[in-house]
Amino acid sequence: MPGMNRPVSTVPTAALQALKDMLGPGGWLESAADREPYEIDFRRLHRGNTPLVALPDSTARVAGVVELCARERIGIVPQGGNTSYCGGATPRPGGHEILLSLRRMRKIRAVSAQNDSLTAEAGCVLAELQAAASAVNRLLPMSLGSEGSATLGGIVSTNAGGTAVLRYGMTRALVLGLEVVLPDGRVLNQLSALRKDNTGYDLKQLFIGAEGTLGVVTAATLRLFPQPAAVATAFIGLGTPAAAVELLGSLHEALGDTVTTFELVPRVALEFTGRHVAGARDPFGEPHAWYVLAEATLAAADDAFVARFEAALAAAIERGLVEDAVTAASGAQRDALWRLRETIPEAQAKEGASLKHDISVEPARLPSFIEAGRALLERLAPGARLVAYGHLGDGNLHFNLSEPAGGDGGRLAGQADAIRRAVHDLVAAHGGSISAEHGIGQLKVGELERYEDPAALDLMRRIKRAIDPHGIMNPGKVLRDSE
Ligand code: MLT
Ligand code: ZN
């Protein structure tokens, strides 16, 4: 009912008709078959319902939709490429919320080599943006496994991470400006490539990583960098995660901040990709317990760069830190090494049921966390396979479990809550985060309540109420909607 602090539980037919009229032909979908792909997340863990998929093609139309929904107190679920890991872009069951897809907002508004910036609309796919930057001889350093489908609005709204955070930071570090439709339909225009702007609160920061709960990101201006002229890539075999942490320190000492990627891969993940990914093969003759995919890049051409990288690895072998290493001698070899890391999620999916935990601890504490986690999981889920891989340079691991080889008849799924609780308690005991880069969505609302500092939670709830007083923006995501 208008006036109440909660969205309506039934979307009135007249409001749906008004939305359709405003969106025009091609601007909405309504049949069950057309809605279906928007109502389920890509991992098929979350399924909801919506009476209408709105497909606006401009900021003005997004503003029109939001303004009408604000008036009628209708909940709105923004969605980009639908690659969320936490159900953040999936409507809840009940059909109470309209789905606002940004897919038709595909314009690249400006690319400037002089400003080292790119301004694009929310529905642009990351791979297109990388290509647009490269066309003006610049680098957009966001690098995600899902870059062929993830879109800019979702990337900004989840503050996405990926495999170049070590050097370039999370999405937040790359955003210079934002355009946001606020929950009352006004447009907050802070699109600019300014590097310095200390005029009051930096409001754009509120919307980065807010998962659409404070407004709809419709466009963003991103920082660009010089394109690398020299690239050195290695796949490295070693005995322990502690050796990997130490190796990162010595590569930093030898190569400075040119180290862009430092990804941990356990033996079991290499076995998974070998079994399920066409063309993936173990680059070594002997197995190693752990591997690292490391890459360093330099903007200025330097024939000696790869040799310096190889010398740093040779020194690490000499010290007994590294057991073996191969470096890429061509673009094709580089791609083959990257595939061994990037295809782990799809290979793990083919190994049967799995549980995912997106955790981070300070890098120096990762080795002890991994050991304690392994012991814990052996006790809780004997036979299940620990697949701990990911962004070691950022202290962020996907601390995943796969069901025992041959299956366990759904036992792992039945234990999911208990295992998640135990892993997250261990993360908390190590001073870490229970969501390093995938967000909260609807999956981890309870986990956020359990582990977040109460003062921080209180501030989050106050910010939500101040900006979205009727609770229409992505209700029930990040924060419970009764709050
Ligand atoms: C990755 O690092 O591969 C992604 O974050 C996906 C995943 O967690 O599996
Ligand atoms: Zn990741």
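Hydrogens, waters and symmetry mates play no part in the numbers below; they use all other heavy atoms, side chains included. Both ligands and their constituent atoms are indexed starting at 1 by order of listing.
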* Structure fact -> For E437, the N, O or S atom at the shortest distance from the Zn ion (ligand 2) is OE2

* Structure fact -> the Zn ion (ligand 2) has as its nearest N, O or S atom from H398 the atom NE2

* To do: Show the numbers, then the answer: is there a side-chain hydrogen bond (donor to acceptor under 3.5 Å, both in side chains) between T59 and E179?
  => CA-CA 9 Å; T59 302; E179 179 188 85; 2.6 Å; yes

* Structure fact -> heavy-atom search around atom 9 (O) of ligand 1 in the protein gives Y389 OH, 2.4 Å

* Asked: How far is atom 6 (C) of ligand 1 from its nearest protein heavy atom, and which residue and atom name does that atom have?
  -> Y85 OH, 3.1 Å

Residue-level breakdown please: for [X] versus ligand 1, do any non-hydrogen atoms fall below 4.0 Å on the side chain, on the backbone, on both, or on neither?
X    : result
H438 : side chain
R341 : side chain
E437 : side chain

* With respect to R92, which candidate in H46, E97, Q442 satisfies the side chain to side chain donor-acceptor pair (under 3.5 Å) definition? -> E97

* Heavy-atom donor-acceptor pair, R104 side chain to L55 backbone, under 3.5 Å -> yes

* To do: Start with the C-alpha distance between R106 and E121, add both sets of side-chain angles, then the distance that settles salt bridge (Lys or Arg N to Asp or Glu O under 4.0 Å), and finish with yes or no.
  => CA-CA 6 Å; R106 300 279 301 249; E121 294 183 349; over 6 Å; no

* Any K356 heavy atom less than 4.0 Å from ligand 1 -> yes

* When you check the side-chain N and O atoms of R138 and Q227, is any donor under 3.5 Å from an acceptor? -> no

* Asked: Should you measure from each heavy atom of H391, which atoms of ligand 1 turn up under 4.0 Å away?
  -> 2 (O)

* To do: Classify the ring geometry between F284 and Y291 as parallel (under 30°), tilted (30 to 60°) or perpendicular (over 60°).
  => parallel

* Asked: Do any of the N, O or S atoms of H438 sit under 2.8 Å from the Zn ion (ligand 2)?
  -> no

* To do: Could you tell me if the ring centre of H438 sits under 6.0 Å from that of Y85?
  => yes

